[in-house]
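None of these values were measured; they are calculated from a predicted model. For ligands, and for the atoms within them, numbers begin at 1 and follow the listed sequence.
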Amino acid sequence: MADPKGFLKVQKRELPQRRPVSVRLMDYKEVYEQQESGELRRQAGRCMDCGVPFCHQGCPLGNLIPEWNDLMWRGEGRQAIERLHATNNFPEFTGRLCPAPCEASCVLGINQPPVTIKQVEVSIIDQAFSNGWVTPHPPERLTGKTVAVVGSGPAGLAAAQQLTRAGHTVAVYERDDRIGGLLRYGIPDFKMEKKQIEQRLAQMQAEGTRFRAGVEIGRDITWDDLRARYDAVVVATGATVPRDLPIPGRDQSGVHFAMEYLVQQNKAGAGDSVGDQISAEGKHVVVLGGGDTGADCIGTAHRQGALSVTNLAIGTQPPAERPDSQPWPTQPTLFEVSSAHEEGGERMFLASTVEFLSNEVGEVRAIRVAETEFIDGRRVPKSGTEREIPADLVLLALGFTGPESDALESQLGLPIDGRGNVQRDGSYETSQPGVFVTGDAGRGQSLIVWAIAEGRATAAAVDKYLEGATSLPSPVKPTDRALSL
Ligand SMILES: Cc1cc2nc3c(=O)[nH]c(=O)nc-3n(C[C@H](O)[C@H](O)[C@H](O)COP(=O)(O)OP(=O)(O)OC[C@H]3O[C@@H](n4cnc5c(N)ncnc54)[C@H](O)[C@@H]3O)c2cc1C
Ligand code: SF4
């Protein structure tokens with residue numbers, strides 16, 4: 001185990017510094033600095049190597065956390081990356097972007113701050129990439145079977161890497177011009193620079209995975225044609241339909257879905273010329289929705305030079321500390337201060353938007369907001385509490401209702417479940433034999449760690465379908481959810 005007395009000797013949880021706000025707002029580079037290696041080892045040494053490591057249950061991938069904490073404490077980075085890669089294809093994504101449910105279930109967290117698991121994870125993979133320890137693992141033999149993976153987000157990429165390594169010939173189809181799904185065009189560079197995607201794609205290409213960007217299945221190739229061409233098809237198309245706010249004034253110019261805005265900035269960041277880019281420069285910006293997407297809009301708006309940024313959430317402000325109703329080892333809903341929140345702006349809770357107000361030429365100039373009240377469990381605007389907030393740009397970050405399913409229904413006859421997701425059985429298979437669904441398309445908008453876990457499990461199901469048996473790991477079932485009461 002890592003230092004037997006580590007958790008007694010080092011009681012303080014230390015994370016690396018974030019770059020100063022005034023400096024990082026001048027660029028789109030990642031906000032964290034690297035952690036000094038001695039401090040990282042001390043932090044890894046706080047792991048108690050518990051007899052029952054609850055962090056394993058907290059992590060949907062079942063990452064072998066105490067094992068690699070121990071290896072990092074000993075300075076055995078090369079072995080650490082092997083243990084980490086045994087359960088996680090892309091720790092460079094999760095180590096930067098995961099909300100770390102593992103830390104909520106760390107046993108040390110009962111009476112001390114939990115181990116900095118996510119930081120150890122990202123340090124292992126960063127060290128491995130910079131030392132050239134991440135090498136291709138091409139299959140020893142080919143099965144002669146072909147698989148099409150549609151969608152190149154973390155679920156599709158994880159499924160593709162597992163299936164390629166199992167010897168199948170895998171092609172990944174992506175309608176965007178670049179591979180990566182939301183990692184590429186949703187998540188801003190200040191959370192994860194795109195070189196992280198490029199270096200992983202280089203490994204996958206060297207292993208034999210083929211990538212076909214700029215091809216929309218259902219339009220450029222029909223779903224039934226694709227099914228006929230391949231021995232199996234994996235639908236990893238994400239949950240991309242945004243939740244709208246159909247209130248008076250919704251059609252005014254200056255009111256946009258968050259993804260329209262974030263995609264454009266990510267394209268501009270990649271050096272593309274974006275005509276008529278939606279920009280926050282010199283504007284009063286209002287972001288509706290308090291989740292990850294909302295925080296990404298806040299950080300982007302500040303970098304573009306917004307005059308003010310106001311973030312409205314319809315619900316109550318979550319507590320800063322774990323409440324009694326959400327005890328260890330569940331993942332509590334807490335008031336989160338992400339790097340984007342730290343950079344400025346005002347956050348308002350219990351704020352129900354009732355109307356978008358425009359000027360004489362139809363451009364949004366303000367929003368009318370009321371206090372939220374709860375009536376029979378429903379959230380409604382309280383009459384008499386309305387007020388105006390100036391807004392030249394409004395970004396709707398209200399979540400996603402599910403996958404775009406029209407072509408899947410009409411061309412393949414796939415049923416949609418009661419939550420709007422593509423229906424599948426306990427083995428990720430749809431009603432069409434040989435067609436599987438993974439990630440947000442089957443689960444609904446979720447997290448990167450779940451997408452990777454599902455991609456791995458779906459690959460095992462596909463391999464079994466093609467070969468009759470599989471030795472690929474299957475970390476999660478379609479019905480698994482986060483550890484909660
Ligand atoms: C702005 C934003 C920020 C987020 N931040 C975080 C975060 O910090 N941490 C976290 O854990 N999670 C975050 N999430 C959630 C996370 O990104 C998703 O849960 C995850 O990407 C889902 O992976 P996926 O592979 O299922 O789908 P996606 O990443 O959505 O990828 C699906 C891909 O399929 C493609 N596609 C769709 N239809 C077709 C078709 N017919 N033909 C070809 N291609 C098609 C799409 O273009 C897309 O590239 C965020 C989500 C958003 C929107
Ligand atoms: S993937 Fe997420 S939950 Fe799993 S060990 Fe890493 S940070 Fe924790």
Have a look at ligand 1 and work out which part of Ile187, if any, has a heavy atom under 4.0 Å from it: side chain, backbone, both or neither.
-> side chain
Which segment of Leu447 sits under 4.0 Å of ligand 1 when only heavy atoms are counted = both
Does at least one non-hydrogen atom of Phe400 fall below 4.0 angstrom from an atom of ligand 1?
-> yes
With heavy atoms only and a cut-off of under 4.0 Å, state how Glu454 meets ligand 1: side chain, backbone, both or neither.
-> neither
Considering only heavy atoms, does Glu404 approach ligand 1 within less than 4.0 Å through its side chain, its backbone, both, or neither?
-> neither
Side chain, backbone, both or neither: which part of Val150 has a heavy atom under 4.0 Å from ligand 1?
-> side chain
Which of the atoms of ligand 1 are close to Gln445, meaning less than 4.0 Å from one of its heavy atoms?
-> 15 (C), 18 (C), 19 (O), 51 (C)
For ligand 1, is any non-hydrogen atom under 4.0 Å from Leu262's backbone (N, CA, C, O), its side chain (CB onward), both, or neither?
-> side chain
Considering only heavy atoms, does Ala236 approach ligand 1 within less than 4.0 Å through its side chain, its backbone, both, or neither?
-> backbone
Backbone or side-chain N or O of Ala155 under 3.5 Å from ligand 1 N or O = yes
For atom 47 (O) of ligand 1, which protein heavy atom lies nearest, and how many Å away is it?
-> Glu174 OE2, 2.7 Å
Show all protein N/O/S atoms under 2.8 Å from atom 4 (Fe) of ligand 2, or state that there are none.
-> Cys59 SG
